[in-house]
Every structure is written in structure tokens, then in C-alpha cells.
2 protein chains.
Amino acid sequence: MELDQRKVVILTTIIKNYLETGEPVGSRTISKYSGLNLSSATIRNEMSDLEEMGYILQPHTSAGRIPSDKGYRFYVDQLMESHQHEIDDVKTEMFEKVDRLETTLKTLVKNLAQNTNYAAVVTGPSIRTNKIKFIQTSLVDSKRLLLVIMMQGNIVKTATVLLDGSEELDFNRVLSINMLLNDELSGLSVEDITEGRLAQLLARTNHKETIKAIVSSIVDVLDIKFGDSQIYTSGATNIFKYPELTESDNASKLISAFETKDELAALVKGAEERGEGKRPIQVYIGDESPLQNMADCSVVTASYELGNGLKGTIGVIGPKRMDYEKVLEILSKLQSEMDQAFK
Amino acid sequence: MELDQRKVVILTTIIKNYLETGEPVGSRTISKYSGLNLSSATIRNEMSDLEEMGYILQPHTSAGRIPSDKGYRFYVDQLMESHQHEIDDVKTEMFEKVDRLETTLKTLVKNLAQNTNYAAVVTGPSIRTNKIKFIQTSLVDSKRLLLVIMMQGNIVKTATVLLDGSEELDFNRVLSINMLLNDELSGLSVEDITEGRLAQLLARTNHKETIKAIVSSIVDVLDIKFGDSQIYTSGATNIFKYPELTESDNASKLISAFETKDELAALVKGAEERGEGKRPIQVYIGDESPLQNMADCSVVTASYELGNGLKGTIGVIGPKRMDYEKVLEILSKLQSEMDQAFK
DNA sequence: TGTTAGCACTCAAAATATTGGAGTGCTAAC
DNA sequence: GTTAGCACTCCAATATTTTGAGTGCTAACA
């Protein structure tokens with residue numbers, strides 16, 4: 001059977017109506033609002049076809065129809081087509097304009113949640129692949145060094161290094177250690193700090209123990225798992241606005257995912273990687289998402305790039321009957337707002 | 001009417017039973033489990049008295065009784081009495097043993113939620129009253145300084161200072177600026193940084209614009225509102241385990257409080273201040289809590305002290321039928337664990 | 001005088017029955 | 001190909017009944 005123009009109109013009408021109301025849509029409703037001027041009986045015939053083709057389904061006999069995942073997929077693909085220019089715009093360059101990335105991301109995620117009325121998640125660039133700009137240590141007391149690392153994009157990480165006290169340090173020695181560290185390590189990412197590098201470093205100093213402790217701290221701070229990578233969420237409570245996400249213990253599971261964040265991080269990062277080379281906005285509908293908990297949700301992700309390989313992701317999580325059109329629009333709007341913020 | 005021994009036993013039995021089951025308790029149950037060897041009829045007479053006195057109430061005629069807030073209050077006060085030694089123990093000194101306070105607090109709050117099955121919240125010491133240990137700035141590029149501040153308790157804050165470029169800086173100039181800053185500001189809290197201080201500082205330097213920018217950054221970073229002060233939460237989803245907190249849109253409100261955190265911060269801080277000079281553990285039952293959203297909850301808070309005026313609070317939020325005994329116990333246990341952690 | 005058995009009564013919650021209406025599929029006529 | 005009409009289905013809302021836990025009161029008892 002073929003999906004002709006009339007069927008497309010009917011399918012779209014069903015979906016749009018269902019997005020608004022969340023109730024199954026009956027033939028009479030479509031007959032009235034599709035603009036096709038067909039009687040409900042005719043519509044019924046077409047709906048029967050659409051159901052057979054898998055685009056819509058009945059929750060039970062004698063109920064109206066609701067879109068299936070396949071139906072949503074068709075709708076979203078169509079939408080992506082017609083918003084192509086906006087979508088391609090999202091990828092943007094804002095490297096080095098960043099001053100307080102953290103603050104910006106927090107604001108961003110908040111706006112996103114408020115504007116969409118869905119839950120929002122934003123990840124900052126991964127530090128694992130980010131490169132060290134400079135390193136600085138300073139003496140806190142006889143057994144402690146304060147370690148400050150600045151990464152590309154002006155992201156700062158700090159740690160305290162505990163010393164065993166076997167090597168005496170003073171201001172000048174710390175200064176030379178700093179010079180050595182910067183000389184050897186700046187421009188590298190954690191992944192670049194190999195055994196070989198370390199050996200090379202140690203060959204150039206008398207303070208071997210101290211250097212060992214510092215480097216191990218550096219790796220510690222930067223070599224963190226998914227879960228700990230910068231991830232901000234907002235609007236988790238928005239899911240309470242959609243009954244289909246709240247029934248039984250769905251709500252509990254979803255909220256829990258937002259509380260622990262690592263599942264979310266994996267989801268969003270996964271989207272980023274899978275999106276490699278593809279369009280920068282991706283939509284997962286229901287089961288398409290890799291997460292069990294999200295089987296009743298749709299997830300829309302957009303990646304952004306700060307340049308120099310620093311990438312992050314913005315995501316919106318809501319019910320399957322999400323207002324996809326609005327979400328796509330907002331994602332591209334936020335992009336330009338971020339541009340403003342980093343001017 | 002007097003609350004004699006027998007009435008106390010009955011009241012306690014009602015409360016304990018209700019804590020376990022969450023269901024109204026009837027006279028027959030008490031007759032069986034109180035150990036009093038009285039018939040249900042006698043118990044009924046006593047319950048009638050207890051109700052008149054306001055310790056218990058009936059959700060509706062011909063239902064069993066549940067504790068009123070007054071009843072809970074009586075029970076908790078009694079409990080506090082018998083656990084006095086544990087409770088007084090909670091106040092502890094761990095100043096300067098702290099190495100990564102942040103990590104510890106995160107672990108603490110997680111443990112607390114897991115052990116109690118309630119929601120947990122922990123606040124770090126307020127930075128406003130914390131004193132500066134040392135300050136360090138370093139040149140990032142011609143228009144940017146990296147500012148690192150270490151506070152008492154080895155809490156580190158960083159910021160980037162934007163310069164207008166009117167004053168040229170080099171390594172040695174930054175060094176002298178650092179010395180000056182430490183000389184003038186270390187040992188002070190933000191509250192101590194007055195106009196007078198600033199003037200005094202400026203009198204000693206040629207880099208007036210730079211110093212102004214730096215000090216304003218320092219104040220910015222440290223002089224933050226309640227909401228931004230260190231606050232960690234965990235186990236918000238535990239509230240789904242208690243139906244009485246989930247019905248209608250209670251859950252939504254509670255979870256939302258956990259998401260935004262500032263209300264929570266206010267609650268917990270408030271407890272800390274109101275607890276000034278009193279016992280270090282406090283219990284708020286239902287309406288006793290200053291927060292609307294928490295009217296159906298009980299909140300137990302304990303304050304800890306790192307010494308030198310650095311105080312924080314640990315809180316547990318759960319249903320009114322909270323296992324108060326267990327919570328009090330766990331709070332004192334966690335305290336000793338923290339001691340261990342900081343050895 | 002305090003305790004208890006017994007009984008009539010109450011009321012929420014669970015189980016069951018009733019109804020209404022939105023929606024469908026099918027058929028026959030246009 | 002389109003449509004009116006009709007019998008049929010089934011959810012959801014409402015009403016009804018049943019059940020049982022619990023109460024208060026009274027009268028008898030130790």
C-alpha cells in the first residue's frame with residue numbers, strides 16, 4: 001500500500017492533535033479538523049489502512065488512534081526536512097570566547113527547561129580530551145601542595161597534593177617544579193600522559209617523589225569517568241506535567257536517573273558519538289533510546305562545539321508526544337543566545 | 001487529665017506501630033502487642049482519653065488512631081532524652097584534618113540517604129564567614145588573570161579576572177601583587193573586606209585598576225547567596241517509598257525543592273541558626289518546619305563544626321512516620337565515620 | 001471502682017453492577 | 001470512490017452492594 005498525500009494529511013492531523021491533547025483521536029475529529037472535507041466514514045477507511053501500515057495504533061478496540069513510534073518517526077523526519085536550515089545552524093564556534101563556561105551552561109540548561117516545559121540536560125566538554133593550558137603548584141604547608149590546572153576553554157581544576165615530606169621544598173624549588181611541569185605537560189591531554197612522558201619528566205628533576213605525587217594528582221583530577229564529567233540538569237519536575245510519564249513508578253525511575261546523572265551522561269554522550277558526522281540534532285523516540293528508563297520518552301539532542309575538539313551536548317527529555325517543532329526551534333534559538341553570551 | 005504510665009505505654013505502642021505500617025492502629029492491635037494484658041475495651045477507653053488530650057486522632061469515625069503532631073513531639077522528646085549521650089556526641093572537631101571536604105560531604109550525604117531510606121541534605125560551611133588562607137593570581141594572557149583563593153579548611157575557589165589592559169603586567173609584577181594581596185587580605189573573611197581595607201590596599205600599589213578588579217572578583221566569588229553555598233543532596237527519590245508523600249502533587253513539590261536547592265538551604269541553615277546554643281540535633285515535625293512544602297514531612301537536622309567557626313548541617317527529610325530512633329542513631333554513627341575519614 | 005464481654009452502629013475501601021458515550025467496522029446505497 | 005446508517009465494543013464514570021475493621025456504650029463482673 002502506498003502512503004499517498006491524503007494519508008499523510010490524516011496522519012499528520014492525528015499526530016498534531018494527539019500532541020496537544022494526549023487523548024486518542026477519533027475519525028470524526030479528523031473529519032472536522034483536517035481540512036479534507038471527507039466524512040468520518042471515509043476517514044475510518046483510511047485510518048484502517050494507516051493502522052495496517054503501522055503508523056498508528058488503537059489502545060483498545062473502539063478507541064481512537066494514537067501515533068505509533070513509526071508514526072512519530074515519520075512526522076519527525078518530515079519536520080527535520082522542513083527545518084533543515086535551522087538545524088544545520090546549531091553547530092557553532094565559541095572557543096576562547098568562553099569565560100565562565102560553567103555559569104553559562106547552568107543558565108543554558110535552566111532556560112531550556114523553562115522554555116520547553118520538558119526536562120533538560122547539558123554536558124560540558126569532556127576534560128579527558130581537553131588539553132592542559134598551564135599548571136601551577138604552590139606550597140600550602142610542609143605536607144601539602146595546592147595544584148591548579150587550567151585547560152583549554154579556561155576550565156580550571158584544583159586539587160591538594162599530599163606529600164610524604166621526604167623532599168624539602170621552598171618557594172624557589174616550587175617555582176622550578178612549576179616551570180618543569182609546564183614545559184613538559186602543557187598542550188597535552190590526560191590521554192597523552194604516558195609512562196614514557198613521566199620517565200622523561202623525572203629524568204629532569206631531583207624532586208622525583210614530589211613530581212610523582214603531582215602527576216598522579218593531575219591524572220586523578222582529569223581522568224574521571226563519564227559520571228563525573230560536567231553535567232547539568234534542570235526541570236526534572238516537568239515530567240510531572242505529563243501523566244503518561246508519572247503513572248506507576250515511571251516517575252520514580254526517571255527522577256532517579258536525573259538524580260544520579262551518570263545514566264543521563266551516558267545517554268547524551270552516546271548520542272554525541274553516534275551523531276559523529278551526521279546532522280547535529282538527533283531525535284530518539286521511545287525504544288530508540290538506549291535507556292530502559294526512557295522507553296516512554298523522547299529524547300532530542302543537539303551537539304555544540306567550542307572548537308579545538310571541545311564538544312558538548314544539549315538534550316531535551318519529554319514525553320513521546322513532545323512538541324518536536326517547538327523543541328527544534330528553541331534549540332536553534334538558544335544557540336544564537338549563546339553566541340550573544342560569548343561575544 | 002494526667003498522662004500516666006499506662007497512657008504513655010499505649011501512646012508509644014500506637015506510634016511505633018504506625019511508624020512501621022503507616023496504617024491507623026486499632027484497639028485490638030494494642031491489646032495484643034502492648035504487653036499490658038488489657039482487653040481492647042479498656043484500651044478503647046484510654047484511647048478516647050488520649051484523643052481528648054490531643055496526642056492521637058482519628059482519620060475518620062470507625063477508623064483506628066494515628067499520632068497527631070503533638071503525639072510525635074512527645075515521642076521524639078522522650079527519645080532525645082534517652083539518647084542524650086549519643087546526641088551530644090555529634091558535635092565534633094575536624095578542622096584542618098579536612099583534605100577534600102567536597103568529596104567527603106558528597107559521600108556523607110549519599111551514605112545518609114542510603115542508610116535511612118529518606119532524603120538527605122548536607123551543607124558545607126558557609127564561605128562568607130570562612131577566612132582567607134592565601135590568594136594567588138597568575139597571568140593567563142594579556143587580558144586575563146587566574147585567581148585562586150584558598151580558605152580555612154582547604155576549600156579552594158577560583159575565578160578568572162578580566163583586565164581592561166590599561167596596566168601592563170609581567171611575571172614579577174604579578175608576584176608583587178600576590179605578596180601585597182596576601183599581606184593585606186589573608187586571615188580575613190569577605191565580611192571583613194570593607195571600603196577602608198580596599199583604600200589601604202590601593203595606597204600601597206601602582207596597579208590600582210588591577211587590584212580593584214581582583215578584589216571585586218574575590219568578593220564576587222565569596223559573597224554568594226544562600227542558594228549557591230555548598231549544598232549536597234541525595235536520595236530525593238526515596239520519598240516515592242512513602243505513599244503519603246506521593247499523593248496528589250506533593251511529590252512534584254518536594255522533588256522540585258530538591259532540584260532548586262535554595263529552599264532546602266534556607267531550611268537547613270535556619271535550623272543551624274535557630275539551634276544556636278541548643279542541642280545539636282533538632283527535629284521538626286510537620287507544621288513545625290518553616291517550609292510549606294514540608295508540612296507533611298519531618299526534618300531532622302544535626303550540625304557539625306570544623307572548628308574556627310566553620311559550621312555545616314546534616315539533614316534528613318522523610319515522612320512524619322519517620323523511624324526517629326534509627327535516624328538519631330545513624331546521625332551519631334556517621335559522625336564517627338567522618339572522624340575516621342579525616343584521620 | 002476499674003475491667004471486660006457483648007452488641008449495635010459507622011464508615012472507608014473493595015468488589016460488583018449499571019450506564020453512557022465515543023469510536024469502530026461493515027454494508028448498502030449514492 | 002464516498003457516505004449514511006446501524007449494530008457492536010469497550011472504557012470510564014457512576015452508582016450500588018458487601019465487607020470488615022473499628023468504635024462507643026451499656027451492663028455485668030471481680
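Chain identifiers are assigned alphabetically (A, B, ...) following the order of the sequence lines, protein sequences preceding nucleic acid strands; residue numbering begins at 1 within each chain.
- Residue side chain A:Ser62 reaches the base of D:dT9 through a donor-acceptor N/O pair under 3.5 Å, judged by distance alone.
- Pairing for C:dG20 goes to D:dC11, judged as Watson-Crick or G-U wobble with the two contacts each under 3.5 Å.
- Ranking C:dC11, D:dA4, C:dT3 by closeness to the B:His60 side chain, first place goes to C:dC11.
- The side chain of A:Ser48 has C:dG25 as its nearest neighbour among C:dC11, C:dG25, C:dT3.
- No option in A:Asn17, A:Leu11, A:Val9, A:Val25 other than A:Val25 meets the side-chain contact (heavy atoms from CB on, under 4.5 Å) test with A:Ile30.
- Under 4.0 angstrom from either OP1 or OP2 of C:dG2 there lies no side-chain N or O belonging to B:Arg6.
- Here C:dT27 sits opposite D:dA4 as a Watson-Crick or G-U wobble pair (both hydrogen-bonding atom distances under 3.5 Å).
- For B:Gln58, counting side-chain heavy atoms from C-beta on, the closest listed nucleotide (D:dT23, C:dA5, D:dT3) is D:dT23.
- Residue B:Ile43 contributes atom CD1, which lies 17 Å from atom C1' of D:dA21 at whole-angstrom precision.
- One interatomic measurement links the two molecules: CG of B:Asn45 to P of D:dC25, which rounds to 9 Å at whole-angstrom precision.
- Between A:Asp49 and A:Lys7, at least one side-chain N (NZ, or NE/NH1/NH2) sits under 4.0 Å from a carboxylate O, which counts as a salt bridge.
- Protein atom CG of A:Asn17 is 15 Å distant from nucleotide atom P of C:dA22, rounded to whole Å.
- Under the side-chain contact (heavy atoms from CB on, under 4.5 Å) rule, A:Ile239 has a single partner from A:Ile255, A:Asp296, A:Asn250, which is A:Ile255.
- Side-chain N/O atoms of B:Arg44 and base N/O atoms of C:dG6 include a donor-acceptor pair closer than 3.5 Å.
- In this structure, B:Thr61 reaches the sugar-phosphate backbone alone: every heavy-atom distance under 4.0 Å involves primed, P, OP1 or OP2 atoms, never a base.
- Of the side-chain N and O atoms in B:Ser40, none sit less than 4.0 angstrom from OP1 or OP2 of C:dT4.
- Comparing D:dT23, D:dT3, C:dT4 by their closest approach to the side chain of A:Leu38 singles out D:dT3.
- Along DNA chain C, the nucleotide nearest A:Ala41 and the nucleotide nearest B:Asn37 are compared for position; the residue whose nucleotide lies closer to the 5' end is B:Asn37.
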Next item on the list: Could you walk me through whether B:Ser27 and B:Arg44 pass side chain to side chain donor-acceptor pair (under 3.5 Å), step by step?
Entry: CA-CA 6 Å; B:Ser27 53; B:Arg44 278 205 286 284; 3.2 Å; yes

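- One interatomic measurement links the two molecules: CZ of B:Arg28 to P of C:dC7, which rounds to 16 Å at whole-angstrom precision.
- If you measure from atom CG of B:Asp49 to atom P of C:dT3, you get 11 Å, rounded to the nearest angstrom.
- Nucleotide C:dT1: paired with D:dA30 (Watson-Crick or G-U wobble, both distances less than 3.5 Å).
- Side chain to side chain, A:Ser298 and A:Tyr324 meet the donor-acceptor criterion of an N or O pair below 3.5 Å.
- Straight-line distance from the CD atom of A:Glu46 to the P atom of D:dT2: 7 Å, rounded to whole Å.
- Rounded to whole angstrom, the span from the CD1 atom of A:Ile66 across to the P atom of C:dG23 amounts to 14 Å.
- The CD1 atom of A:Ile56 sits 13 Å away from the C1' atom of C:dG23 (whole-angstrom rounding).
- Between A:Val300 and the options A:Ile330, A:Ile281, A:Ile285, A:Ile317, a side-chain contact (heavy atoms from CB on, under 4.5 Å) holds for only A:Ile281.
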